[in-house]
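The analysis underlying the following values was restricted to heavy atoms, covering all of them including side chains, and did not include hydrogens, waters or symmetry mates. Throughout, protein chains are lettered first and strands after them, A, B, ... in sequence-line order, and every chain is numbered starting at 1. Remember, predicted model here, so these are calculated numbers, not experimental data.
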4 protein chains.
Amino acid sequence: MSRTAGRPRRAGISRAVLDAAVELVARDGYRATSLDDIARASGVAKTTVYRRWESKGALVAAALLDRLGDLPGVTGESDLRATVAWLAGAASRPDVHALLLGVLAETTDSELRSELRAQVRAPFVAALAQGWGVDAESAATAFDLVVGTLLFRSAGSEPVERRLVTDLTDLVVGYLVDQRRGT
Amino acid sequence: MSRTAGRPRRAGISRAVLDAAVELVARDGYRATSLDDIARASGVAKTTVYRRWESKGALVAAALLDRLGDLPGVTGESDLRATVAWLAGAASRPDVHALLLGVLAETTDSELRSELRAQVRAPFVAALAQGWGVDAESAATAFDLVVGTLLFRSAGSEPVERRLVTDLTDLVVGYLVDQRRGT
Amino acid sequence: MSRTAGRPRRAGISRAVLDAAVELVARDGYRATSLDDIARASGVAKTTVYRRWESKGALVAAALLDRLGDLPGVTGESDLRATVAWLAGAASRPDVHALLLGVLAETTDSELRSELRAQVRAPFVAALAQGWGVDAESAATAFDLVVGTLLFRSAGSEPVERRLVTDLTDLVVGYLVDQRRGT
Amino acid sequence: MSRTAGRPRRAGISRAVLDAAVELVARDGYRATSLDDIARASGVAKTTVYRRWESKGALVAAALLDRLGDLPGVTGESDLRATVAWLAGAASRPDVHALLLGVLAETTDSELRSELRAQVRAPFVAALAQGWGVDAESAATAFDLVVGTLLFRSAGSEPVERRLVTDLTDLVVGYLVDQRRGT
DNA sequence: TCATAAACGAGACGGTACGTCTCGTCTTTAC
DNA sequence: GTAAAGACGAGACGTACCGTCTCGTTTATGA
């Protein structure tokens, strides 16, 4: 029996679609970007997109994960501050904001959100909890502090300034240190 | 001299529409609530809604402002903690979340967002800056910390627990105190 | 109790509204002309229009009658040919076409049509029947021949040429003469 | 090589929509029939209707052409009278009247009318001119005489009686014979 | 080599919502 | 009591988008 009966999926397609999704959504916003737009921009038929992702929301969620995957990640960070700073850096990128807002807006489907939480927040929280001795709830709060604040700032169509990122990082690091002591 | 030529707008309409908008959006989400639904629920023709608000997004933004107006506001608070706690309380309400998320996610129209900033964040920031001796930027950061974090938490379809609100309030108060000293 | 209680009807209103109706409908067509347009163009409130005519169709019908009244009419014509020629002349005017087409095409209201028939076709038919010794049915056919043909020609957005009018007149006169003899 | 890329249009749809359009417009009139009604009656989504015809007017024009196509047509008629009689018969049908009036009312768009002229009047005029030796202008006049008169009579919400049709046919045949001789 | 199986492009389709446009009515103030 | 101004209800219009479907065509594997 063959694992791969039939015509194999063309190589570059997912890459092209994800990139187009990121670019268009980052530029025009989730709502203003139609799936036809994305398909056209990536030179692919709409059918093909739907064969790989089950909805527009799922595609954008995948694009978001893909983009976050570009970043080094929390693994192997030498200290707490670097870990938090990495998160703040990731959450400062405008493309990430646009994608994330889109996913949050596609709200009825809570599966998507759960999956995002599972794939992004959970690992971060786990790493923080195990690596730095804080309880999971505090770690989750730290995550939401960083991402929520930066996302909200950018959603207000204000640029995210460096000072905000630094202040936020300091604050959250302080919070986590306190939590560790306090426990 | 006529301040009001022509038939006056019927009294209860705006109230009924705004209430219906809040209720439906809070229950079903922005996307799943159509303007026809809102009009029907408030016993008004769709035309009438569009005569008063220029789009669905504008209506929901107005509904949000209206709801926030219900809250006592920062005026006359006796201390910094109470001020921040008020904001955290407001930002913890699920109806506020649904409305805000709708406005942020579903519209490219940056006018709407600017207006929201002007009408909600600006007064708070001004009050904080003048009343508690912090610079405007720090006050804005405090606002975004509180609202952004709580909104993001709730958008992840997790309930906002009391501890989060308390921790957040403490944290932000601490931040503001530091900023005041530091200056 | 005064005979003239209340504000008297302003003098020129009906005139202005009818003229505006003719002008706009002749230029843009019945459908493309809204009652608000007519009211605006005649410097009158829409309410005022509806106080005098019960619908858009009725207004346009009135405007049509008004325009036909401008014409000398059938009365006192010295011979059959002149009578028919007068009708053909009236039915050749593009403003009459636009108005008539509007009334015929855009309204299910058969009262309007009956009234038009009563006020325009009936007198003509009566005059023809009594003056030239043809039966009413033949006279009616003659009317429809002239008006129907010219209206249809112009509705096809083709100009009504002089030859058509002459041919038509000859034809109808011939028809009527035959009918008289035949009886 | 694919003559038809993509999913083919479903077979019965145009048929069903045109039939529904004829039925509803003939029964209720152009104005009182909405496109949603037509779509619903033919078991098709409104979108699908708009994919095939660009407006309500265009759809009704197509329905009219379709109905006229049902008729035997002028081809192969053995004598002039039969030809004219065929036209008079076609122009006596109430469904044809309702459709035609609708198209004429949708007036601003003169493309529709031109197309109708091209597809219906032009062939008839050509056949008449070539087959019976009259000039095109006379043939066109004959066409307008028949159709215009009958349409106008029926638009006056009077039934079209047999005598009118016969008289009209005689008259037009006479006219054409004269034109042939006269030339 | 030839059948089977899946991917792909293209576009039709159903359904839902949007925001606009009229018509004709209703409700005020001003004259 | 008429006029002006404009809100209101009702409902059609045409557009946009989503996600599904149905084809014809291409590209692999396995008998």
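- Closest to the Lys56(C) side chain, of the nucleotides dA3(F), dC18(E), dG24(E), is dG24(E).
- The side chain of Val44(C) sits closest to dA4(F) out of dA12(E), dT27(F), dA4(F).
- One interatomic measurement links the two molecules: CG of Leu112(A) to P of dG19(F), which rounds to 10 Å at whole-angstrom precision.
- Distances were taken from every side-chain heavy atom of Ala5(B) (C-beta onward) to each of dG19(F), dA5(F), dG19(E); the shortest belongs to dA5(F).
- Proximity of Leu116(A) to Leu100(A): side-chain heavy atoms (C-beta onward) are separated by under 4.5 Å at one or more points.
- Proximity note for Thr48(D) (side chain, C-beta onward) versus dC13(E), dC18(F), dA4(F): the nearest is dC13(E).
- Taking atom CG of residue Leu35(B) and atom C1' of nucleotide dT16(E), one finds them 14 Å apart after rounding to whole Å.
- With hydrogens and angles ignored, no donor-acceptor pair closer than 3.5 Å exists between the side chain of Arg10(B) and the base of dC8(F).
- For Lys46(C), counting side-chain heavy atoms from C-beta on, the closest listed nucleotide (dC18(F), dC23(E), dA10(E)) is dC23(E).
- What separates OH of Tyr50(A) from C1' of dC17(F) is a distance of 9 Å, to the nearest Å.
- Among the atoms of the strands shown, only primed sugar atoms or phosphate atoms (P, OP1, OP2) are found under 4.0 Å from some heavy atom of Arg9(B).
- Here dT20(F) is the nucleotide among dT20(F), dA3(F), dG6(F) with the atom lying nearest to any side-chain atom of Arg7(D).
- Using a 4.5 Å cut-off on side-chain heavy atoms (C-beta onward), Ile13(C) and Arg52(C) make contact.
- Within the nucleic acid shown, Arg51(A) comes within 4.0 Å of at least one base atom, counting heavy atoms only.
- When the nearest nucleotides of DNA chain E are assigned to Glu54(B) and Gly43(D) by heavy-atom distance, the more 5′-ward of the two goes with Gly43(D).
- Comparing atom distances between the Ile13(B) side chain and each of dA28(F), dC8(F), dC8(E) picks out dC8(F) as nearest.
- By the 4.5 Å heavy-atom criterion applied to side chains, Leu68(A) and Leu64(A) are counted as neighbours.
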Going through the checks in order, is the side-chain contact (heavy atoms from CB on, under 4.5 Å) test met by Leu59(C) and Leu18(C)?
CA-CA 7 Å; Leu59(C) 166 61; Leu18(C) 291 172; 3.9 Å; yes
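- Taking the side chain of Ala45(D) as heavy atoms from C-beta on, and the options dC13(F), dG15(E), dC23(E), the nearest nucleotide is dG15(E).
- For Asp36(D) and Gly57(A), each mapped to the nucleotide of DNA chain F holding its nearest heavy atom, the one lying further toward the 5' end belongs to Asp36(D).
- Among the atoms of the strands shown, none is found under 4.0 Å from any heavy atom of Arg31(A).
- Residues Thr48(A) and Val17(A) are not in side-chain contact: their nearest non-hydrogen atoms beyond the backbone lie 4.5 Å or more apart.
- When heavy atoms are screened at a 4.0 angstrom cut-off, Arg40(C) is found touching no nucleic acid atom at all.
- Mapping Asp37(B) and Thr47(A) onto DNA chain E by nearest heavy atom places Thr47(A) closer to the 5' end of the strand.
- The interatomic distance linking Leu59(B) (CG) with dA17(E) (P) rounds to 16 Å, in whole Å.
- Here Asp19(D) pairs with Arg67(D) in a salt bridge; the nearest charged N to carboxylate O distance falls below 4.0 Å.
- In the set dC23(E), dT20(F), dG24(E), the nucleotide with an atom closest to the side chain of Ser34(C) is dC23(E).
- Checking dT15(F), dA12(E), dT28(E) against the side-chain heavy atoms of Arg52(D) singles out dA12(E) as nearest.
- Trp53(C) has its CH2 atom 17 Å from the C1' atom of dC23(E), to the nearest Å.
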